[in-house]
Amino acid sequence: MAVMEYIDAIRLAIKEEMEKDEAVFVLGEDVGVKGGVFTTTKGLLDQFGEERVLDTPLAESAIAGVAIGAAMVGMKPIAEMQYSDFMLPATNQIISEAAKIRYRSNNDWSCPVVVRAPIGGGIFGGLYHSQCPESIFFGTPGLKIVAPFTAYDAKGLLKAAIQDPDPVLFFENKKCYKMIQGDVPLDDYTVPIGKANLLREGADITVIGYSMPLHFCLQAAEELEKEEGITAHILDLRTLQPLDRDSIIEAVRQTGKVLIVHEDNKTGGVGAEVAAIISEECLFELDAPIMRCCSPDVPAMPISPPMEKFYMLSKDKVKEAMRQLAIY
């Protein structure tokens with residue numbers, strides 16, 4: 001066991017899987033010589049060589065297409081999209097091809113590809129380096145979608161994704177890379193895809209979220225308990241597709257009051273589906289309307305620092321939403 005940063009846990013997961021299986025390789029823009037724009041693939045080129053760590057042209061559709069083709073002939077590609085914003089040119093390959101290969105071939109073919117992509121704002125990246133596009137892919141059967149929050153989960157879920165026989169989109173919040181750290185086993189382990197994780201037990205309100213906003217949820221929960229005696233039950237979804245319906249229902253039944261938190265836009269986000277599950281399964285156990293604390297429905301992240309701050313979630317915004325739910 002070692003204490004490591006989120007980014008180091010991701011790099012370790014890739015390294016271990018490449019050492020274990022020669023079919024695993026990495027491709028993407030600047031993943032080789034530069035080691036990735038955030039250094040997530042630093043050192044892999046030196047260890048595994050340019051045949052397994054491929055620097056690609058600036059062409060996301062080609063990155064996805066090559067990865068899908070390689071996966072169909074027995075390889076296990078890890079395709080890095082430098083920013084999740086850049087995935088949009090590859091949506092046809094991901095949604096129309098990767099997600100449907102097993103179904104259209106009547107189970108004769110699979111597509112064991114992992115597409116890694118950083119999501120989220122807070123780096124003054126503006127319109128094209130700050131998006132959370134998970135909702136674009138969320139409603140596509142055939143895709144698995146993972147968004148870990150802890151360093152432990154980052155390693156374990158990425159290893160599970162690489163070993164999975166079907167396509168997995170692996171979203172890493174770029175603010176988590178250096179901010180989030182924790183105990184990570186140095187031995188081989190995986191975290192099951194499709195299983196949520198209870199981060200905190202409480203009796204007054206239930207908070208459900210994923211990725212970086214959970215950092216604010218945990219901070220706010222600690223303050224609310226000290227200041228006002230409000231205790232929060234916090235569930236980390238970890239996997240967005242498939243959602244862990246049983247854990248969501250169990251968490252709701254603990255308190256009867258639910259706040260859903262995510263950085264993606266409010267309308268049409270993952271939280272809307274979580275709210276629908278709760279309405280279908282727990283309607284008569286609710287003691288308050290389901291609340292959501294999300295980014296505003298504006299076209300993109302502002303480049304202006306004050307406007308970015310206004311757009312972004314924060315501990316104070318989440319704390320106020322939790323307080324309002326508790327006193328409802």
Side-chain angles (χ1 to χ4, degrees), residues 95 99 103 119-120 132-150 153 157 160-161 164 166-171 173 191-214 216-218 220-221 231-297 313 318 321-322 324-326 328:
I95 293 175
Y103 183 80
I119 61 173
C132 291
E134 53 266 28
S135 61
I136 294 172
F137 304 95
F138 178 64
T140 302
L143 293 178
K144 296 176 182 177
I145 305 176
V146 177
F149 165 61
T150 67
D153 288 344
L157 281 167
D164 198 284
D166 293 303
V168 180
L169 305 186
F170 195 89
F171 289 118
N173 192 296
V191 173
I193 293 174
K195 183 62 179 173
N197 181 39
L198 183 62
L199 297 178
R200 193 179 195 277
E201 293 188 6
D204 296 308
I205 59 173
T206 294
V207 181
I208 299 174
Y210 60 92
S211 198
M212 181 61 196
L214 289 167
F216 304 133
C217 296
L218 290 169
T231 61
H233 198 76
I234 301 178
L235 183 71
D236 177 6
L237 292 172
R238 295 199 292 199
T239 298
L240 309 184
Q241 193 64 268
L243 285 168
D244 184 353
R245 295 175 66 97
D246 292 341
S247 292
I248 292 170
I249 293 166
E250 182 180 351
V252 172
R253 287 174 174 166
Q254 290 294 319
T255 70
K257 293 183 176 182
V258 186
L259 174 67
I260 302 167
V261 183
H262 58 65
E263 191 175 331
D264 194 6
N265 302 120
K266 181 177 182 179
T267 300
V270 174
E273 183 63 24
V274 174
I277 291 171
I278 296 167
S279 297
E280 291 170 351
E281 303 291 343
C282 307
L283 179 62
F284 296 107
E285 296 168 77
L286 293 175
D287 295 322
I290 301 167
M291 292 179 58
R292 286 179 285 169
C293 182
C294 310
S295 293
D297 290 328
L313 293 180
V318 173
M322 292 167 68
Q324 292 301 316
L325 177 62
Y328 181 87

Point-to-point distance, once rounded to the nearest 0.5 Å, from [atom1] of [X] to [atom2] of [Y]:
X	Y	atom1	atom2	result
Leu169	Phe138	CG	CZ	12.0 Å
Met212	Ile119	CE	CD1	11.0 Å
Leu240	Phe137	CG	CZ	12.5 Å

Could you go through the side chain to side chain contact (heavy atoms under 4.5 Å, CB included) check for Leu214 and Leu199 one step at a time?
CA-CA 9 Å; Leu214 289 167; Leu199 297 178; 4.0 Å; yes

I need the minimum non-hydrogen distance between [X] and [Y], along with the two atoms involved.
X	Y	result
Ala288	Leu325	CB-CD1, 3.9 Å
Ala251	Leu235	CB-CD2, 4.0 Å
Asp164	Asp166	OD1-N, 2.9 Å
Ala232	Val207	CB-CG2, 4.5 Å
Val191	Ala160	O-CB, 3.3 Å
Leu313	Ser295	CD2-N, 4.4 Å

Take Leu198 and Ile234 through the side chain to side chain contact (heavy atoms under 4.5 Å, CB included) test and state the conclusion after the steps.
CA-CA 6 Å; Leu198 183 62; Ile234 301 178; 5.8 Å; no

Is there a donor-acceptor pair closer than 3.5 Å between any side-chain N or O of Asp244 and the backbone N or O of Lys195?
no

Under 3.5 Å donor-acceptor, Arg238 side chain and Phe149 backbone:
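No, because the side chain of Arg238 does not come within donor-acceptor range (under 3.5 Å) of the backbone of Phe149.
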
Evaluate side chain to side chain contact (heavy atoms under 4.5 Å, CB included) for Asp236 paired with Asp153, printing each intermediate quantity in order.
CA-CA 11 Å; Asp236 177 6; Asp153 288 344; 4.0 Å; yes

Within the 4.5 Å heavy-atom criterion, are Val146 and Phe171 side-chain neighbours or not?
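SC-SC contact between Val146 and Phe171 ruled out.
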
Would you indicate whether the side-chain heavy atoms of Lys144 and Pro167 approach each other to under 4.5 Å?
no

For residues 273-282, which side-chain N or O atoms pair as donor and acceptor with protein atoms under 3.5 Å away, sequence neighbours left out?
residue: Ser279; atom: OG; partner: Ala275; partner atom: O; Å: 3.0
residue: Glu281; atom: OE2; partner: Arg245; partner atom: NH2; Å: 3.1

Just jot down the side chain to side chain donor-acceptor pair (under 3.5 Å) partners of [X], sequence neighbours excluded, or say none.
X	answer
Asn197	none
Glu201	none
Thr239	none

I'd like to check the ring-ring contact (aromatic ring centres under 6.0 Å, His included) partners of His233; sequence neighbours left out, ordered by chain and number.
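By the ring-ring contact (aromatic ring centres under 6.0 Å, His included) rule, His233 matches no residue at all.
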
Please list all pairs meeting side-chain hydrogen bond (donor to acceptor under 3.5 Å, both in side chains) that have one or both residues in residues 204-214, counting only residues at least two apart or in different chains.
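Residue pairs with at least one partner in residues 204-214: Glu134-Tyr210, Asp204-Thr231, Thr206-Thr255.
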
Keeping to residues at least two apart or across chains, list the salt bridge (Lys or Arg N to Asp or Glu O under 4.0 Å) pairs with something in residues 252-261.
Arg253-Glu285

Could you please spell out the steps behind the side chain to side chain contact (heavy atoms under 4.5 Å, CB included) verdict for Ile145 and Val168?
CA-CA 6 Å; Ile145 305 176; Val168 180; over 6 Å; no

State whether the number of non-hydrogen atoms from other residues, nucleotides or ligands found under 6.0 Å of Gln254 atom CD is greater than 12.
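Buried by this count: over 12 neighbours within 6.0 Å.
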
Quick one: list whatever passes salt bridge (charged side-chain N to carboxylate O under 4.0 Å, His left out) with Arg292, sequence neighbours left out.
none

Donor-acceptor contacts under 3.5 Å from residues 259-266 side chains, at least two apart:
residue: His262; atom: ND1; partner: Asp264; partner atom: O; Å: 3.1
residue: His262; atom: NE2; partner: Gly271; partner atom: N; Å: 3.2
residue: Glu263; atom: OE1; partner: Asn173; partner atom: ND2; Å: 3.3
residue: Glu263; atom: OE2; partner: Gly121; partner atom: N; Å: 2.7
residue: Asp264; atom: OD2; partner: Ser135; partner atom: OG; Å: 3.1
residue: Asn265; atom: ND2; partner: Pro296; partner atom: O; Å: 2.8
residue: Asn265; atom: ND2; partner: Tyr311; partner atom: OH; Å: 3.3

Test of understanding: with side chain to side chain contact (heavy atoms under 4.5 Å, CB included), list the residues that count as partners of Ala220, not counting sequence neighbours.
Lys315, Val318, Lys319, Met322

